[in-house]
Protein chains: 2
Amino acid sequence: MGCTGTAESWPGVADYVKGGDQVARASDPGVETPRPGYGAAAGRDTASFPEVTSRSSRSARRPPAMTDVAKLAGVSPQTVSRALSQHASVSPMTRARVLAAADGLGYRLNTAARTLATGHSRTLGVVAFNSTFFGPVSTLHGIEQAARVAGYFISVVSLRSIDRHSVADAVGRLNDQVVEGIVVIAPLTSAAEALENLPTDMPVVVVEGDPNAGLAAVTVDQAAGARAATSYLLSTGHQNVFHVKGPPEWQEAQGRLSGWRSALEEVGAEVVPPLSGDWTARSGYQAGQVLARVPEVTAIFAANDQMALGVLLALHEHNRRVPEDVSVVGFDNIPDSAYFMPPLTTVRQDFDQVGRTSLRLLLDQINSGARSVERVMIQSELVVRQSTLGTPEAS
Amino acid sequence: MGCTGTAESWPGVADYVKGGDQVARASDPGVETPRPGYGAAAGRDTASFPEVTSRSSRSARRPPAMTDVAKLAGVSPQTVSRALSQHASVSPMTRARVLAAADGLGYRLNTAARTLATGHSRTLGVVAFNSTFFGPVSTLHGIEQAARVAGYFISVVSLRSIDRHSVADAVGRLNDQVVEGIVVIAPLTSAAEALENLPTDMPVVVVEGDPNAGLAAVTVDQAAGARAATSYLLSTGHQNVFHVKGPPEWQEAQGRLSGWRSALEEVGAEVVPPLSGDWTARSGYQAGQVLARVPEVTAIFAANDQMALGVLLALHEHNRRVPEDVSVVGFDNIPDSAYFMPPLTTVRQDFDQVGRTSLRLLLDQINSGARSVERVMIQSELVVRQSTLGTPEAS
DNA sequence: GGGAGTTATGTTAGCGATCCCAGCGTGGGT
DNA sequence: ACCCACGCTGGGATCGCTAACATAACTCCC
């Protein structure tokens, strides 16, 4: 395998020339293929004589193709194909010869040609959304990682809005690329309907999407996380917990909202209508300014860390100490949250696992050839830090 | 150059009729094929079955191809191609007919086939890095946006380390996909050398990369931003400014470091060796704990907002007030920084513009067919908030 | 020891699009 | 009249690769 040198890339090396029957048998990798003059200068314009035209004349700088490798190795293109794609029966010697030839030429397989011939592309599509929020970005990242491990390419289309039309359009674009499956990161409830008329013959996995469409799905258990956070606050002596919710059109916001509510109901606490945020620190700050003025507020659960940050600032400006006067919990466990003032108690989501799992579900469908409706729920985990009172049982 | 005979005399009749399932009983062993390769294998007899099963027999569930559209519209595939790709001369009536047929069939152009035929893919490659840091993510986002506007697909390969090998590998993978150009987001100095032996015939733009490689490049003027930040601190009465720098292998860290240094030198202040961070809030916190103990420290410039956050926390824990006792400035203007405690003075970078500009440079190269070495520097901008003393001239 | 399996290779025919060139009808210029 | 340009259209050939079949040389096993 030595020889990683490769790099030089094809432009120079690519002539095997010597037509006819004899083929240069370059057996060892290092070998210089003898080059009969004819560098780049060669035949530029296509002559109109059949004899002369032959494919090689156009070459001006064409990257080497499989036939070139075949010729150099003295075998048929088909054998090259087999040697390079492992799985067929090729004698070790032939394989070595082919590999050497390919290496010497700097040959690279042409994906478009292979896709056309085989009908599949080893590419997966991801429909993502136009945001730089921590969650979606991390999820995308997780998917990308997992895909590479599995040997797939990822083609991403990111949308700015999630209506039926744009999702359909995105799926269409991916379809054009002959993707073998699609992951839709669909955090908005509006995405649900958009997903209904996806082509039925394409493997699909929905991440953070509607829990009841007939599609395979991976979701984080938002409600459980929110319930844990809220219950924790209640368990440390608070009579009630106030909530700053996320945008109602986000599934995650809904899940966190209902988890919070159920925890309150469980202990018979009053469910005070939550304040509305839009995930940004700004909105959290605004909500915080309201809450800070209400003496009864001693515990706040913000639907994400950003908003919790805003809440913290507002409380500080109103001289309400955290956690002595008010406890605050966020959601997401963004890296910075451990360095908020004070370090934030929050709920961790394992986005890498979300990525890995969604990819697994997708590959399962691809391999089995059938759509599945399996749904996987990823657990979340409460991370206790110093923005809440109580026994620091977790780090 | 002959070889690959093609031309020499072909079978008189290109029998184009596939005889249904039966195969054309090729020549018997007696026929000598002169040499491996194509050529004169020629003339089997034309299929004798009148009933032309034709391609449509295989159809099972194959998406419609151009020939299907052609058939339905009653024209040749070539005409369909022309009608769909606008730019050729087709009568309005024909075009309408073709469009209607395509629409009726739900036809979508097969990208792989087109790529194979034309040699280009309307796809651009991006080599990114395995991080969820705000800068790279935002840049990628900006590129994606701009690419879609320009009608290009984006294929992303993200690396986990930036050595020569992995960059070469990434570029190779993109090459396989027949991308028309590549944007390399190369924030590490180690990427510089990796870029040296890129294929020379591929348009490339480097973002945040080495300022002196012979490649087109887009960079943010880190040094100017850092200088502005530092000078601002000095102008508000501080005798000196202490720095928490980023990882030395990052170009941005270098630029910010040198900007800071030059601002100090400008006024003849002592350049105290900076503390080292790794972009994380944690590292900023650690640096902050050191700086908080030093009475002379009244102004700190952290190389990014995350580290500034950590610094703020450390100062708080040591009862040093911001900005009364110590002023703090960050870099990046991440969305949250406006809600730090106190809201952070920082330097804004326009990542969308970076994305747009790098795409423009790349498309210029693609369209002109020549590599350029144009370099564009994007200005950064000081955003003054409450973590610094002085006149609040900016919001 | 001969038909049945294996292994290693070559041959042919596409995958679905575009390219180049040739074949039509029209006009217009000479 | 003739010829050629022009607008529109069709007919291969081809892009680079692989699936499917064909072939030849061996091994096996009863």
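Residue numbers begin at 1 in each chain, while the letters A, B, ... track the order of the sequences. Keep in mind that this is a model prediction, so the values were computed, not measured.
Judged purely by atom type and a 3.5 angstrom limit, A:Ser372 has no side-chain atom pairing as donor or acceptor with the backbone of A:Gln365. At least one donor-acceptor pair under 3.5 Å links the side chain of A:Glu180 to the backbone N or O of A:Arg122. Side-chain N or O atoms of B:Asn367 include none that pairs as donor or acceptor with a backbone N or O of B:Asp364 at under 3.5 Å. Between the side chain of A:Arg97 and the backbone N or O of A:Val75 there is no donor-acceptor pair closer than 3.5 Å.
A cation-pi arrangement is present between B:Arg173 and A:Phe153 under the rule of less than 6.0 angstrom and at most 45 degrees off the ring axis.
Of the N and O atoms on the side chains of A:Gln177 and A:Ser155, at least one donor lies less than 3.5 Å from an acceptor on the other residue.
As a whole-Å value, the separation of A:Asp68 CG from D:dC15 C1' is 13 Å. Nucleotide C:dG10 holds its P atom 13 Å from the CE atom of A:Met66, rounded to whole Å. Between A:Arg114 atom CZ and D:dC17 atom C1' the separation is 8 Å, expressed in whole Å. Atom CG in B:Leu105 sits about 13 Å away from atom P in C:dG16, given to the nearest Å. Atom CD of B:Gln177 is separated from atom P of D:dG16 by 17 Å (rounded to the nearest Å). Distance NE2 (B:His120) to C1' (C:dA17): 12 Å, rounded to an integer number of Å. The nearest whole Å value for the distance from the CG atom in A:Asn110 to the P atom in C:dC15 is 18 Å. Protein atom CG of B:Leu116 is 11 Å distant from nucleotide atom P of C:dT18, rounded to whole Å.
Remark: A:Ser81 is not in phosphate contact with D:dC17, judged by side-chain N or O atoms under 4.0 Å from OP1 or OP2.
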Listing time: all N or O pairs from protein to nucleotides 5-10 of chain D that are below 3.5 Å?
| unit_1 | atom_1 | unit_2 | atom_2 | d |
| --- | --- | --- | --- | --- |
| D:dT9 | OP1 | B:Ser91 | OG | 3.3 |
| D:dT9 | OP1 | B:Thr94 | OG1 | 2.3 |
| D:dT9 | OP2 | B:Ser91 | N | 3.0 |
| D:dG10 | OP2 | B:Ser76 | N | 2.9 |
| D:dG10 | OP2 | B:Ser76 | OG | 3.1 |
| D:dG10 | OP2 | B:Thr79 | OG1 | 2.5 |
| D:dG10 | N7 | B:Arg82 | NH2 | 2.8 |
| D:dG10 | O6 | B:Arg82 | NH1 | 3.3 |

